[in-house]
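A short worksheet on the structure shown next.
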Amino acid sequence: MARRAPGVASAGSRLDLVEGAGGVLVRLGPDLTVLDLARSLDAPVVVVARAGLGTLSDTELTIRAIGAAGLRCAGIVIGSWPSVPSLAERCNLEDLPRLTGVPVLGRVPAGAGQLAPVEFTSRAPGWFQASRLLQRCGLLR
């Protein structure tokens, strides 16, 4: 029998992840973007940002587009976080929440996509602030 963790929203709630590789304005059809899909699902959005140079502007623009569409950005996850981050990458980690008003909820290590599925699945929980992510997505009270 499946049991629900304490504080998790009702048994009927679920978390749907829709990957919009390439950004929120990627076209899924002639008149449909990833942002349109998120709006139709009334879904909170998690932005995956790169670690290095250029991410501050790109991420801030993305989060502004999400807000302009009437949606909420639940958080930022930094993809491909290096094992030895540069000064720029460390500064970006600190600056992203200040500039966007959105917390960084996780960092996926560089090379994670090359892991075997079982190993990826076992390591992934350590890359995120899971309870904070669930709370910001409205799935944890």
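Hydrogens, waters and symmetry mates are skipped; everything else that's a heavy atom, side chains included, is used. In this text the structure is predicted, and so the values were computed from the model without any measurement. Positions are given from 1 along the sequence.
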Could you grab the distance from atom CD of Glu89 to atom CZ of Arg107, nearest 0.5 Å is fine? 11.0 Å
Val108 and Ala112 have their tightest heavy-atom pair at CG1-CB, 3.6 Å
So, Ser40 side chain and Leu37 main chain: donor-acceptor pair closer than 3.5 Å or not? yes
Asp36 vs Thr33, test: side chain to side chain donor-acceptor pair (under 3.5 Å). Steps then yes/no. CA-CA 5 Å; Asp36 296 328; Thr33 65; 3.1 Å; yes
Would you say the side chain of Asn92 lies within less than 4.5 Å of the side chain of Arg50, judging by non-hydrogen atoms? no
Is it the case that the side chains of Glu119 and Ser122 hold a donor-acceptor pair, with the cut-off being a distance below 3.5 Å and no angle test? no
Arg72 side chain to Arg136 backbone, donor-acceptor under 3.5 Å: yes
Are the side chain of Thr55 and the backbone N or O of Ala51 linked by a donor-acceptor pair below 3.5 Å? no
Side chains of Arg132 and Pro103 in contact at under 4.5 Å (non-hydrogen atoms): yes
Flag the pair Leu105 / Phe128 as yes when at least one side-chain heavy-atom distance between them is below 4.5 Å, and no otherwise. no
Taking the basic N atoms (NZ, or NE/NH1/NH2) and the acidic carboxylate oxygens, is any pair closer than 4.0 Å for Arg64 and Glu60? yes
Shared hydrophobic cluster, Val48 / Leu53 (ILVMFWY, side-chain heavy atoms < 4.5 Å): no
Under 4.5 Å side-chain linkage, directly or through intermediates, the cluster mates of Leu71: Val24, Leu25, Leu35, Val45, Val47, Leu56, Ile63, Ile66, Ile76, Ile78, Trp81, Leu93, Leu96, Leu99, Val102, Val104
Indicate the atoms forming the closest heavy-atom contact of Pro82 with Ala110, along with that distance. CA-CB, 4.3 Å
In the single-linkage hydrophobic clustering (I, L, V, M, F, W, Y; side-chain heavy atoms under 4.5 Å), do Leu61 and Val46 co-cluster? no
